[in-house]
Amino acid sequence: MIRVFSSYITRKDMDLVLSRMVEDAVGPGDFNSRFAKAIKDQFGFEYAVALRSPYTAMQRAFKICGLGQGSKVAISALAPSWHLAAVEDAGYVPIVLDVEEETLHPSKEAIESANPSTVLLFDALGKMPPSSLLQSLGFPIIEDISQVSGNIAESTSSNTFAYFAVWGLENDSPIATGGGALLCARGKRDGQILRSMEESLPSELRMTDYNAALGVSQLKSVSQMVERRKAIQEILSRQLARTRHAGLKIAESEATPIYAFPVFAEGSSKEIIEYAKKHGVQAELAFSSSPAIMGDDAAACFPVARSIALRCVLFPMHHRLSNQQVDQIGKIVATLP
């Protein structure tokens with residue numbers, strides 16, 4: 001079975017991890033700092049902190065944004081369920097918003113109407129928010145860039161308020177660290193805030209050197225990973241064009257997202273998933289844990305997000321796929337029921 005996501009950890013990656021085991025360096029140490037610095041330099045961040053999990057990174061972002069107890073936080077109806085949990089666990093009130101079909105993000109008008117203390121943006125399928133949205137909101141922004149992959153260097157905000165990016169490195173991330181996340185800032189002011197926060201950060205909240213060593217190793221092949229994924233995306237897009245189903249809409253000004261390969265079903269998404277499984281390929285709903293699917297009143301409150309969540313099926317597009325596997329996936333995509 002060809003799985004949608006793969007940890008694709010090489011022997012070379014593991015050699016670096018084993019070196020930390022031999023040295024008995026389990027907790028955060030030199031590799032934690034090396035990984036954060038490499039991310040900062042390679043992707044143009046002012047500062048980055050390597051943390052134990054995306055949830056931890058989100059909680060720290062809330063804290064440094066200075067939100068008061070009971071503050072309202074706007075989130076996307078397509079966001080993963082842990083976003084909702086992070087907001088509620090921090091003592092804030094989540095305001096779940098529907099999204100626009102073209103951008104996969106809530107509209108500026110919807111966010112402003114909700115009047116939140118901050119907005120938690122989720123770059124679903126690697127679709128970054130429009131620059132006009134990032135630059136016009138009058139409150140702090142926390143952006144989850146975990147699915148942006150190769151376009152992370154382009155994710156930025158000139159908002160005069162605080163802007164922080166959370167980059168999850170879980171099993172579906174192109175850079176697989178076996179768990180963990182980065183909390184990043186692009187502006188000098190926000191970078192200084194992160195630097196000050198890190199000085200008093202408990203070691204239990206930092207990414208372990210095991211995970212950081214994996215990140216350091218995999219960063220060396222990011223450019224090759226991006227190019228391979230783009231090549232696979234082009235092949236699968238041509239095959240999908242032969243069907244009645246749709247792919248992800250990408251504007252001319254947008255970079256091509258390379259998170260996974262999404263198919264927007266015109267018929268039954270369940271039938272597509274079963275068809276792929278029958279032919280040895282895993283496919284899964286992209287937003288199965290989102291409020292758009294799980295909420296009792298989702299159909300009425302989030303009609304656009306719910307439609308997207310029910311129709312969007314992900315196929316494998318990771319860079320470890322062989323040419324033979326890509327051909328196999330392409331044949332399935334081209335003949336989808």
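It should be emphasised that the depicted structure is a prediction, and the values quoted were computed from it without experimental measurement.
- Within the cation-pi definition used here (under 6.0 Å to the ring centroid, within 45° of the axis), Arg186 qualifies as a partner of Phe45.
- Across His318, Met317, His319, a single residue satisfies side chain to side chain contact (heavy atoms under 4.5 Å, CB included) together with Arg228, and that is His319.
- At least one side-chain heavy atom of Met58 sits less than 4.5 Å from a side-chain heavy atom of His83.
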Which is it for Met294 and Ser290 under the side-chain contact (heavy atoms from CB on, under 4.5 Å) test, yes or no, and what are the steps along the way?
CA-CA 6 Å; Met294 301 179 70; Ser290 68; over 6 Å; no
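- A donor-acceptor contact shorter than 3.5 Å is absent between the side chain of Asn32 and the backbone of Asp209.
- Heavy-atom contacts from other residues, nucleotides or ligands closer than 6.0 Å to CZ of Arg195 number more than 12.
- Taken to the nearest 0.5 Å, the CH2 atom of Trp167 stands 9.5 Å off from the OG atom of Ser146.
- Side chains of Tyr210 and Thr177: a donor-acceptor N/O pair is absent below 3.5 angstrom, by distance only.
- With Asp98 contributing its side chain and Ala305 its backbone, the two residues share a donor-acceptor pair below 3.5 Å.
- When all heavy atoms of Ala48 and Ile39 are compared, the pair lying nearest together is CB-CG2, 4.3 Å.
- Remark: Arg306 fails to qualify as a cation-pi partner of Phe302 under the 6.0 Å distance and 45° angle criteria applied to the six-membered ring.
- Transitive grouping of hydrophobic side chains (ILVMFWY, heavy atoms separated by less than 4.5 Å) brings Val313 and Ile2 into a common cluster.
- Across every non-hydrogen atom of Tyr163 and Leu134, the tightest pair is CE1-CD2, 4.5 Å.
- Between the side chain of His245 and the backbone N or O of Glu266 there is at least one donor-acceptor pair closer than 3.5 Å.
- A side-chain donor from one of Asp89 and Tyr55 sits under 3.5 Å from a side-chain acceptor of the other.
- Using a 4.5 Å heavy-atom cutoff, the side chains of Leu182 and Val49 are not in contact.
- Distance CD1/Ile75 to CG/Leu84: 4.5 Å, rounded to 0.5 Å.
- For the residue pair Tyr259/Asp123, the side-chain donor-acceptor check at 3.5 Å is not satisfied.
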Pair Leu214, Phe31 - check side-chain contact (heavy atoms from CB on, under 4.5 Å), show working.
CA-CA 9 Å; Leu214 279 175; Phe31 273 92; over 6 Å; no
Decide salt bridge (charged side-chain N to carboxylate O under 4.0 Å, His left out) for Arg311 and Glu101; before the verdict, give the C-alpha distance in whole Å, the side-chain angles of both, and the deciding distance to 0.1 Å.
CA-CA 12 Å; Arg311 293 184 294 116; Glu101 183 86 32; 3.3 Å; yes
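- Contact record, Leu285 with Ala309: CD2-O, 3.8 Å, taken as the closest heavy-atom pair.
- Enclosure of atom CD in Gln324 is not indicated, since only 12 or fewer non-hydrogen atoms of other residues, nucleotides or ligands lie within 6.0 angstrom.
- In this structure, Ile329 and Leu321 have side chains that are in contact, with non-hydrogen atoms separated by less than 4.5 Å.
- The aromatic rings of Phe287 and Phe122 sit perpendicular, their planes meeting at an angle over 60°, well past the 30° parallel limit.
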Stepwise salt bridge (charged side-chain N to carboxylate O under 4.0 Å, His left out) check, Glu46 with Arg189
CA-CA 9 Å; Glu46 180 68 24; Arg189 177 200 58 193; over 6 Å; no
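- Put simply, Phe261 and Val148 are part of the same group of oily side chains (I, L, V, M, F, W, Y) that touch within less than 4.5 Å, one to the next.
- Put simply, the side chain of Arg52 gets close to the backbone of Arg206: a donor and an acceptor are under 3.5 Å apart.
- No side-chain donor from either of Arg60 and Thr56 sits under 3.5 Å from a side-chain acceptor of the other.
- The main-chain N or O of Gln233 is found under 3.5 Å from a side-chain atom of Ser237 such that the two form a donor-acceptor pair.
- Hydrophobic clustering (side-chain heavy atoms under 4.5 Å, transitive across Ile, Leu, Val, Met, Phe, Trp, Tyr) keeps Val119 apart from Ile193.
- The side-chain heavy atoms of Thr103 and Lys127, taken from C-beta on, include no pair separated by under 4.5 Å.
- Proximity of Ile293 to Leu310: side-chain heavy atoms (C-beta onward) are separated by under 4.5 Å at one or more points.
- Panel note: side chain Glu170, backbone Gly180; a donor-acceptor pair is recorded below 3.5 Å.
- Taking both residues in full, the closest heavy atoms of Val96 and Ala77 are given as CG1-CA, 3.6 Å, listed atom of the first, atom of the second, then distance.
- In this structure, CG in Leu194 is found 8.0 Å from SG in Cys184, a value given to the nearest 0.5 Å.
- A donor-acceptor contact shorter than 3.5 Å is absent between the side chain of Ser307 and the backbone of Val304.
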Could you go through Lys37 and Asp41, starting from their C-alpha distance and side-chain angles, then the distance that decides it, and tell me whether this counts as salt bridge (charged side-chain N to carboxylate O under 4.0 Å, His left out)?
CA-CA 6 Å; Lys37 185 180 186 305; Asp41 295 343; 2.8 Å; yes
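- Side-chain contact, Gln192 with Tyr47: no donor N or O sits under 3.5 Å from an acceptor N or O.
- Between the side chain of Gln59 and the main chain of Ala86, a donor-acceptor pair closer than 3.5 Å is present.
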Working for side-chain contact (heavy atoms from CB on, under 4.5 Å), residues Leu201 and Met197:
CA-CA 6 Å; Leu201 189 68; Met197 180 273 291; 3.8 Å; yes
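- Using a 4.5 Å heavy-atom threshold, the side chains of Leu97 and Ile111 count as touching.
- The hydrophobic clustering, which links ILVMFWY residues whose side-chain heavy atoms are closer than 4.5 Å, places Ile142 and Leu121 apart.
- In this structure the side chain of Val87 reaches within 4.5 angstrom of the side chain of Phe62, judged on heavy atoms.
- Leu120 and Val93 fall into different hydrophobic clusters, where Ile, Leu, Val, Met, Phe, Trp and Tyr are joined by side-chain heavy atoms under 4.5 Å apart, directly or via other members.
- Leu219 approaches Phe43 most closely through the heavy-atom pair CD2-CE1, 3.8 Å.
- Summarising the geometry, atom CG belonging to Leu125 is positioned 6.0 Å from atom CG belonging to Leu314; distances are rounded to the nearest 0.5 Å.
- Residues Ile232 and Ile235 have side chains not in contact (no heavy-atom distance under 4.5 Å, counting atoms from C-beta outward).
- At least one donor-acceptor pair closer than 3.5 Å links the side chain of Gln328 to the backbone N or O of His279.
- The structure places OG of Ser107 at 8.5 Å from CD of Glu112, a figure rounded to the nearest 0.5 Å.
- In the model, Ser113 has no side-chain atom that pairs as donor or acceptor with a side-chain atom of Glu109 under 3.5 Å.
- Although no hydrogens or angles enter the test, the distance criterion places no donor-acceptor pair under 3.5 Å between the side chain of Ser221 and the main chain of Gln224.
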Evaluation steps, side-chain contact (heavy atoms from CB on, under 4.5 Å), between Phe164 and Ile141
CA-CA 6 Å; Phe164 297 100; Ile141 297 171; over 6 Å; no
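- Contact detail for Ile145 and Ala165: the closest heavy-atom pair is CD1-CB, 3.9 Å.
- For the atom pair CG (Leu240) and CG (Leu236), the distance works out to 8.5 Å, reported to the nearest 0.5 Å.
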